[in-house]
S.K.: 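What follows is a single structure, and I will ask about it in a moment.
Here is the naming used below: chain letters follow the sequence lines, and residue numbers restart at 1 for every chain. Atom set for the values below is all heavy atoms of this structure, side chains included, hydrogens, waters and symmetry mates excluded. The structure displayed is predicted, hence computed values, not measured ones.
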Amino acid sequence: MSRFKYLNLITEDARYFQIVFLGVFLIYGTLSLHWEFNPLIIASIVGTAVISQYIFCWLYHKPLDAIRSAIITSMGLSILMKTQFWYVAVLASFLAISSKYLLRINGKHIFNPANFGLVATIYLTKMAWVSPGQWGSNIVLLYFLLAAGSMLLLKVGRIDTGLVFLGTYAFCQIAYSNIYLGWPADYTVHKLSNGALLLYSFFMITDPATTPNNQKARIIWSMCIALLAFYWAEFKYMNGTPIKALFIISLCTPLVDRLWKGHSFSWKYSLKF
Amino acid sequence: MKHLILSLALLSATVGANAFCGFYVAKAGSNLYNNKSEVIIVRDGNLTTLTMSNDFKGDVKDFAMVVPVPELLRERDIKVVNRDIFTKIDAYSAPRMVEYYDPDPCNNYRYKFKSLSDKKSEVAFDMVEVTSAAAENYNVTIEAQYTVGEYDIIILSAEQSSGLESWLKDNGYSIPDNAKEVLQPYINDKLKFFVVKVNLNNVGSTGFDYLRPIQITYSSTRFMLPIRLGMANAKNFQDLIVYTFTRNGRVECTNYRTEKMPTGNNIPTFALNQFDSFYIKTFNRQYHKNNRNTVFLEYAWNVTPSFTGMKCDPCVGNPPMYNEFVDAGVSWLSGDPNATVFFTRLHVRYKRDDFPQDLMFQATPNNEHYQARYVITHPAAYTDCEKGKQYLKQLEERKVDEVLEFCKLTGDRSNRYAWYAPNLLKSQPSDDGNSRSIREKLIDIFDPDSNTSDPEDAALGMTSGSDDTKGGDSNAPLFLLLLPLSVMLVAFYKKIRKYKTVRL
């Protein structure tokens with residue numbers, strides 16, 4: 001077993017897995033897609049997340065392994081959120097982590113932390129934004145996003161959420177763009193092959209800690225996100241709609257959990273081997 | 001045969017020699033080159049003012065243009081404006097070159113800034129002609145009809161693309177076959193068609209010997225520029241320059257990548273006389289390197305008239321004045337002393353296969369300044385002293401770097417410029433990689449093209465990308481992602497084996 005000590009560490013907790021992948025995407029985006037790279041911003045995000053997580057762990061007497069979640073949240077923010085100011089980054093990161101402890105119902109936090117930090121910062125400060133076009137539409141990149149995302153979701157048992165979201169979104173897009181409007185096929189392919197859409201569906205919308213516990217409920221819940229995101233994107237011409245839709249639909253999660261019972265999620269025992 | 005241009009501006013902004021947003025077809029075996037079109041977009045909330053430049057040079061009676069618009073335009077929403085606006089803001093925002101002079105090494109001065117010079121990358125474009133035919137018409141509603149300046153304008157709505165097509169053809173607008181694939185989606189999307197022809201009675205009375213740009217204003221949540229209608233020819237690309245003015249910050253494309261042009265590069269002094277071709281090559285190389293489906297940022301700056309900070313370095317032209325903003329459609333400046341204007345210049349080279357969607361934009365709060373700027377440094381004239389010898393030695397090394405930088409940008413072979421930097425031909429101790437930082441190595445792996453090539457290879461003419469069509473394959477570094485993926489696979493494999501032995 002010792003030979004696979006580090007590998008086992010990765011499989012033991014899906015969060016390591018997620019940290020590795022998000023880290024690779026961040027490096028790839030910075031070096032190959034030439035995203036603005038501001039070390040101060042990244043440091044502010046990661047630093048604030050870790051420190052505030054530490055403080056909350058101490059306040060709430062929680063085990064320190066939640067720091068891993070904080071790192072994931074900060075990587076998600078680093079990839080998705082664009083800002084010029086370090087204090088905006090600090091605010092986003094702090095809002096993200098504190099939402100986990102301050103916005104709770106029935107022992108479960110309502111929002112995906114990165115999602116909450118991002119949306120709240122965009123609307124509160126107007127000094128941050130998302131760039132849905134930053135990934136381009138690169139088929140090879142999409143393949144890796146898809147593969148990495150699927151592995152993660154299989155591991156945490158949330159593949160249903162990701163696939164239902166993507167499936168519903170793709171169905172609506174094809175029905176509307178190709179069948180109703182009559183665009184050629186490559187129009188829809190280009191729309192759906194946006195890297196941001198896949199990243200949202202595999203690394204944010206499917207966050208096991210904030211999706212409904214019951215499987216049926218999760219399926220309906222992710223369909224709702226897809227429908228709302230699609231409606232906003234196609235009829236209201238908004239950008240980054242999956243993020244905003246997730247934010248709104250998350251508000252219903254406690255209600256959904258009350259109506260449909262299920263087992264709540266724990267990172268430690270996510271791999272049921 | 002009539003010559004005409006169909007443009008979609010809000011639909012298609014194609015650059016046409018003839019107009020923006022045109023259809024271009026090949027004639028008698030000669031492939032048409034793209035034309036450049038220019039549009040100014042002013043975006044304030046949902047209010048959009050779109051100005052389309054028109055440098056049509058043919059017989060004005062042959063001029064025609066079709067632009068999809070999201071709403072029925074009223075007569076006061078349509079204006080003609082002076083073409084000077086385009087000339088001015090193009091000159092002001094064009095990629096630029098700055099000259100520096102080395103100080104006399106025999107004195108103790110450091111580098112000092114001496115003078116500025118700039119060059120516009122004015123690209124010459126071929127003219128294109130489009131033929132028109134006649135046909136029947138059906139199911140087309142003329143929603144409104146105006147005469148504005150030298151133009152007759154019709155706003156059409158349609159139910160079937162075949163009807164619209166017939167109407168257009170009947171009225172002398174030729175439509176390439178593959179324009180059909182976008183007409184129906186635009187109709188289904190409830191867009192109106194803004195159709196423009198020249199009013200021959202008025203054209204003489206304007207006092208201008210050219211057709212002036214048309215400006216339309218409408219309110220819509222969509223912030224987009226329809227380019228699909230202008231992509232008649234899938235094989236040839238077209239260039240489009242988009243100048244945008246917003247209140248707060250840069251405009252970026254939301255459905256294609258927006259990438260900055262390289263900037264701040266030190267290039268050889270000979271580039272001074274060939275800046276146009278240098279920039280065309282550089283752009284071309286970036287275009288291929290970025291998979292031909294990227295929007296390029298060439299300029300981004302706060303240009304508020306009252307803004308006292310530096311507006312450019314160097315300034316290539318006079319900053320736009322208050323009345324020019326008003327002409328362009330910036331309506332929020334009057335009466336508000338705190339109002340700001342942010343100027344973004346985007347350059348898109350597109351063709352049908354690489355740009356299946358119209359361009360969608362968003363105005364971001366990003367007010368970071370940017371300009372595409374290239375630096376040449378003139379050597380000092382007097383070097384007749386001890387320090388001067390040292391200077392000359394360094395100068396030779398610097399020239400090598402400049403040539404390599406130049407070739408990295410343009411894709412030229414560096415041995416072509418050995419006359420400028422003779423040291424290129426000398427074999428130099430090659431860098432074994434040990435002295436390079438981890439960051440440089442990483443960049444090398446992920447983005448091999450961005451690195452200066454090895455001087456020895458360069459001397460032998462082995463620099464990468466020596467022909468224009470060869471772009472970096474940006475997919476290659478993606479395979480690096482395989483690494484963590486395979487680690488995960490192995491880990492899973494181990495787990496699954498354990499599962500089988502324990503549970504089964």
S.K.: Under a 4.0 Å threshold between the charged nitrogen and the carboxylate oxygen, would B:Glu71 count as salt-bridged to B:Arg222?
M.R.: no
S.K.: Name the member of B:Asp189, B:Ile187, B:Asn366, B:Asn367 that forms the most heavy-atom pairs with chain A at distances under 4.5 Å.
M.R.: B:Asn366
S.K.: Relative to chain A, which of B:Thr258, B:Thr221, B:Val295, B:Asn293 shows the most heavy atom pairs under 4.5 Å?
M.R.: B:Thr221
S.K.: Side chain from CB out, backbone as N, CA, C, O: work out which of these in A:Gln134 comes under 4.5 Å of a heavy atom of chain B, or both, or neither.
M.R.: backbone
S.K.: Between B:Glu368 and chain A, which part of the residue has a heavy atom less than 4.5 Å away: side chain, backbone, both or neither?
M.R.: both
S.K.: With a 3.5 Å distance limit and no angle check, can you tell me whether B:Asn255 reaches the backbone of B:Asp358 through a side-chain donor-acceptor pair?
M.R.: yes
S.K.: Heavy-atom cut-off 4.5 Å, strictly under: side chain, backbone, both or neither for A:Ala196 against chain B?
M.R.: neither
S.K.: Relative to the ring of B:Phe283, is the ring of B:His347 parallel (under 30°), tilted (30 to 60°) or perpendicular (over 60°)?
M.R.: parallel
S.K.: Tell me, side chain or backbone of B:Asn248 under 4.5 Å from chain A's heavy atoms, or both, or neither?
M.R.: neither
S.K.: Kindly assign one of parallel, tilted or perpendicular to the pair B:His369 and B:Trp301, based on the angle between their ring planes and the thresholds 30° and 60°.
M.R.: parallel
S.K.: Whether A:Asp186 and B:Arg352 form a salt bridge (side-chain N of Lys/Arg under 4.0 Å from carboxylate O of Asp/Glu) is what I want to check.
M.R.: yes
S.K.: Which bit of A:Asn194 is near chain B, if near means a heavy-atom gap under 4.5 Å: side chain, backbone, both or neither?
M.R.: side chain
S.K.: Is chain B contacted by the side chain of A:Val130, its backbone, both, or neither, given a heavy-atom distance below 4.5 Å?
M.R.: backbone
S.K.: Only one of A:Phe25, A:Tyr28, A:Trp135 forms a ring pair (Phe, Tyr, Trp, His ring centres under 6.0 Å) with A:Trp35, so which one is it?
M.R.: A:Trp135
S.K.: Select one option (side chain, backbone, both, neither) describing which atoms of A:Lys236 are under 4.5 Å from chain B's heavy atoms.
M.R.: backbone
S.K.: Do the two ring centres, one from A:Tyr231 and one from A:Tyr176, sit under 6.0 Å apart?
M.R.: no
